[in-house]
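Heads up: the structure comes next, in structure tokens.
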Amino acid sequence: MRVLVVGNGAREHVIAKRLYDDGAEIVSAMAKKNPGIASISSQFEIININKPSDYRNFTNIDYAVIGPEDALANSVSDYLNEKGIPVVGPKKNLARLEWSKSYARELLTNYGIQGNPDYKVCHTLSDAREFLKKHKDVAVKPDVLTGGKGVKLTGEQLLTNEELLKYVEECINRDGLVVLEEKLKGKEFTLQAFVDGKNVEIMPMVRDYKRAYDGDKGPNTGSMGSFSCPNHLLPDIPNDAVKKGEDIMKKTITVLKNNVGEYKGILYGGFMNTMNGVYLIEYNVRFGDPEAINVLSLLDTPFTNICKQIIEGKLSKPRFKEEATVCVYVVPEGYPVNPKKDQSISIGDITASEIYYASVYDENGSIKTTTSRAVALLAKGESVEKARSRAYADINKITGSLFYRHDIAEGVK
Ligand code: AMP
Ligand code: GLY
């Protein structure tokens, strides 16, 4: 079985590793050489992973698994499917759930799926002013992919009315529209699911830590770490909220199947559990990073089987180990504002956890940093506390101009 894995982060490293451990031959398409993925690939190509025609030379592939959303938004799944390579990863018109916030909101509205906050798709500044008469506190969401950096909230990134209107105007001038939403208050949670076009199988819940510094201080990042619990739930999210989130995701997939097409891949729903119920914050059309590392490390059903079931539309309930996981990211000094890149890092003997490479590259046998997250450590245990102490036992073996958060999963039993 030859499987093409697209992407070069830690998320794709864990995807490739699971498939490799299940006996698949890994062929990889990367923008930069991830040493972890390269070491388990029988063939790897450094290409523009967002350009479909760059995939023309991949042959004899049984199926592909696409990690990053940009490749999905740029029709890589469509191209590979046309070449006869089935893909775990939705086609462009279905990936639209992530690349267009207005599309996701309008899909829910038009088909009567509950879960939207009050929102308005604004084409002019006066549309926005109209909405701001109703809601003082809002989220401003560009209608394009922004690498997780586009959403701005009043009271956080937008501190004055001038800043708010300036950002709204900037988005409208650039994209022709912007989405304004009432700002919700509550507890955030995410759900990741395998989807085969009709069946939706939810994975264990994972909590991630987005802020750069201890105590949830500092700028937002791609995530500094994450944990999951042995019962696959989170301590502060009640079961009925989880069921509500799952219901929104299932209804979305049914509506897509009946009106747009079969969504095959991973669906990631971001939700807010509020006093007034559960709201959808956003959809992502891929695994979370690092959340993929937590869940795929727990998988007890071969990942190769799940991928085949997704492609064939015959998904059955996957099994996950009833253990806890803790993942801690080590990142370049200065990340995410002014990261020190091209610095050598050294990795000692990692014994208590597993290591996944993210944005590092290999230069003459030396591993160097880029401007993004460097490596992730993942540990398992019978409790979160035990998994946590294992992940942190290894962390000082990774040295260089780097830092990490000390409080991932702190205080969770
Ligand atoms: P997104 O890129 O859509 O995940 O948004 C980034 C972050 O902004 C989310 O993780 C939430 O913390 C926050 N956010 C997005 N939409 C809302 C909303 N309507 N109300 C409150 N917070 C939001
Ligand atoms: N960890 C958040 C994300 O992947 O979107």
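Residue numbers run from 1 in the order of the sequence given. Quantities reported herein were computed from a predicted structural model and do not represent experimental measurements. Every number for a ligand or one of its atoms is a count from 1 in the order of the listing.
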Check: How long is the span from the NZ atom in Lys317 to the CD atom in Glu201, to the nearest 0.5 Å?
Finding: 4.5 Å
Check: Which distance, rounded to the nearest 0.5 Å, do you find between the CD of Gln114 and the OH of Tyr279?
Finding: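 Here the interatomic distance stands at 9.0 Å.
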With atoms numbered from 1 as shown, which atoms in ligand 2 lie under 4.0 angstrom from a non-hydrogen atom of [X]?
| X | result |
| --- | --- |
| Asp208 | 1 (N), 2 (C) |
| Gly222 | 1 (N) |
| Asn284 | 5 (O) |

Note to self: If you measure every N or O of Lys210 against every N or O of ligand 2, does any of those distances drop under 3.5 Å?
What the structure shows: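 No; every N/O pair is 3.5 Å or more apart.
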Check: So is there a nitrogen or oxygen of Glu291 less than 3.5 Å from a nitrogen or oxygen in ligand 2?
Finding: yes
Item checked: Amino acids contacting ligand 1, non-hydrogen cut-off under 4.0 Å ->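 Around ligand 1, where the cutoff is 4.0 Å for heavy atoms, the contacting residues are Lys101, Ala139, Lys141, Val151, Leu153, Glu181, Glu182, Lys183, Leu184, Glu188, Met272, Ile281, Glu282.
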Note to self: Students often mix this up, so state it plainly: with edges at 30° and 60°, are the rings of Phe271 and Phe189 parallel, tilted or perpendicular?
What the structure shows: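 Parallel: the ring planes of Phe271 and Phe189 meet at under 30°.
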Next item on the list: Answer yes or no: is there a side-chain heavy-atom contact under 4.5 Å between Leu402 and Thr369?
Entry: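 Side-chain contact under 4.5 Å: yes.
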Check: Below 4.5 Å, heavy atoms only, C-beta onward: do Lys264 and Ser77 meet side chain to side chain?
Finding: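 They are not in side-chain contact.
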Item checked: Residue portion contacting ligand 2 (non-hydrogen atoms closer than 4.0 Å) for Arg286 ->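 Within the 4.0 Å criterion, Arg286 contacts ligand 2 through side-chain atoms alone.
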Check: Could you give all pairs that pass the salt bridge (charged side-chain N to carboxylate O under 4.0 Å, His left out) test and reach residues 304-315, with sequence neighbours left out?
Finding: none
Next item on the list: Please list all pairs passing the salt bridge (charged side-chain N to carboxylate O under 4.0 Å, His left out) test where one or both residues lie in residues 118-130, with sequence neighbours left out.
Entry: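 The answer is Asp118-Lys134, Glu130-Lys133.
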Next item on the list: Give a yes/no verdict on whether any heavy atom in Tyr268 is under 4.0 Å from an atom of ligand 2.
Entry: yes
Notebook entry, point to check: Which pairs with one or both residues in residues 210-260 pass ring pair (Phe, Tyr, Trp, His ring centres under 6.0 Å), sequence neighbours excluded?
Noted result: none
Next item on the list: Could you tell me whether Asp240 and Lys243 make a salt bridge, using a distance below 4.0 angstrom between a side-chain N and a carboxylate O?
Entry: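 Here Asp240 does not pair with Lys243 in a salt bridge, since their nearest N and O are not under 4.0 Å apart.
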